[in-house]
Amino acid sequence: MRFSEQGPDRDSGRVARRRSSCRKFTAAFDQTTGVGTYVAMESFEGSLCGRAGAFNFVHSATTSGSDRTAEFFTIVPTSGTGELAGISGAGGLAVDADGTHRIWFDYALEAGR
């Protein structure tokens, strides 16, 4: 299943976020050249397709100033709680021309959940 934290799925009620994510972010970035790399760990608390719970995810990428390379994005194994226990998967982050960041996930839940 795929959902977007921001975008059409959010508007349809498939994704409901109860609170802002807890985020740990660090980067090595040269503002003059726009070159750098970041690493972030975040928590999501809310519901996906009516299933309430929370989970953690981690992501990173490198930029040469005009692109994103070496992207990494995964849901932290065993971090799911509530009805999202057993969630696993990956995802990505898209940056729109206006600077809006959109997170998406491809995820699965354990059978029987």
Side-chain angles (χ1 to χ4, degrees):
M1 172 140 324
R2 184 176 182 138
F3 81 86
S4 171
E5 182 182 317
Q6 297 178 328
D9 291 341
R10 184 173 177 84
D11 294 338
S12 70
R14 293 184 62 203
V15 177
R17 193 173 203 167
R18 286 196 292 255
R19 67 180 178 110
S20 298
S21 68
C22 175
R23 179 176 299 141
K24 298 293 182 188
F25 181 93
T26 190
F29 184 75
D30 182 332
Q31 291 185 339
T32 304
T33 62
V35 175
T37 299
Y38 81 91
V39 177
M41 292 191 71
E42 300 190 51
S43 295
F44 173 92
E45 180 181 356
S47 64
L48 304 178
C49 296
R51 295 174 183 241
F55 61 90
N56 300 312
F57 58 99
V58 61
H59 54 102
S60 65
T62 295
T63 182
S64 64
S66 62
D67 63 353
R68 289 175 54 86
T69 61
E71 293 182 70
F72 176 78
F73 201 113
T74 193
I75 295 172
V76 176
T78 72
S79 68
T81 65
E83 294 173 311
L84 298 177
I87 192 170
S88 62
L93 182 118
V95 182
D96 295 344
D98 67 0
T100 300
H101 288 60
R102 299 183 187 278
I103 295 173
W104 57 268
F105 296 94
D106 283 322
Y107 71 94
L109 291 168
E110 291 177 350
R113 296 213 181 251

List in chain and number order the residues that pass side-chain hydrogen bond (donor to acceptor under 3.5 Å, both in side chains) with Thr81, two or more places apart in sequence or in another chain; answer none if no residue qualifies. none
Nearest 0.5 Å, please: how far is OG in Ser60 from CE in Met41? 11.5 Å
The reported gap from CG in Asp96 to CZ in Arg102 (rounded to nearest 0.5 angstrom) is 4.5 Å
Establish, yes or no, whether a centroid distance under 6.0 Å links the rings of Tyr38 and Phe25. yes
Verify, without hydrogens or angle tests, whether Thr63 (side chain) and Gly65 (backbone) share a donor-acceptor contact under 3.5 angstrom. yes
Ser47 side chain vs Gly53 backbone, donor-acceptor pair below 3.5 Å: no
To check you understand the geometry: which heavy-atom pair defines the closest contact between [X] and [Y], and what is its length?
X	Y	value
Gly50	Glu83	O-OE1, 3.8 Å
Gly46	Leu84	O-CD1, 4.3 Å
Asn56	Ser79	N-OG, 3.0 Å

Going by heavy atoms in the side chains, are [X] and [Y] under 4.5 Å from each other?
X	Y	result
Leu93	Arg68	yes
Phe55	Leu48	yes
Phe29	Gln31	yes

Would you call the rings of Phe105 and Phe57 parallel, tilted or perpendicular if under 30° counts as parallel and over 60° as perpendicular? perpendicular
Does the plane of the ring in His59 sit parallel, tilted or perpendicular to the ring in Phe73? Use 30° and 60° as the thresholds. parallel
Salt bridge (charged side-chain N to carboxylate O under 4.0 Å, His left out) with Asp30: which residues, sequence neighbours excluded? none
I'd like to know whether Ile87 forms a side chain to side chain contact (heavy atoms under 4.5 Å, CB included) with Arg51, so could you lay out the CA-CA distance, the side-chain angles of the two residues, the decisive distance to 0.1 Å, and finally the verdict. CA-CA 11 Å; Ile87 192 170; Arg51 295 174 183 241; over 6 Å; no
Pairs flagged by ring pair (Phe, Tyr, Trp, His ring centres under 6.0 Å) wherever residues 76-97 is involved - sequence neighbours left out: none
Indicate whether any N or O donor in one side chain lies under 3.5 Å from an N or O acceptor in the other, for Thr100 and Asp98. yes
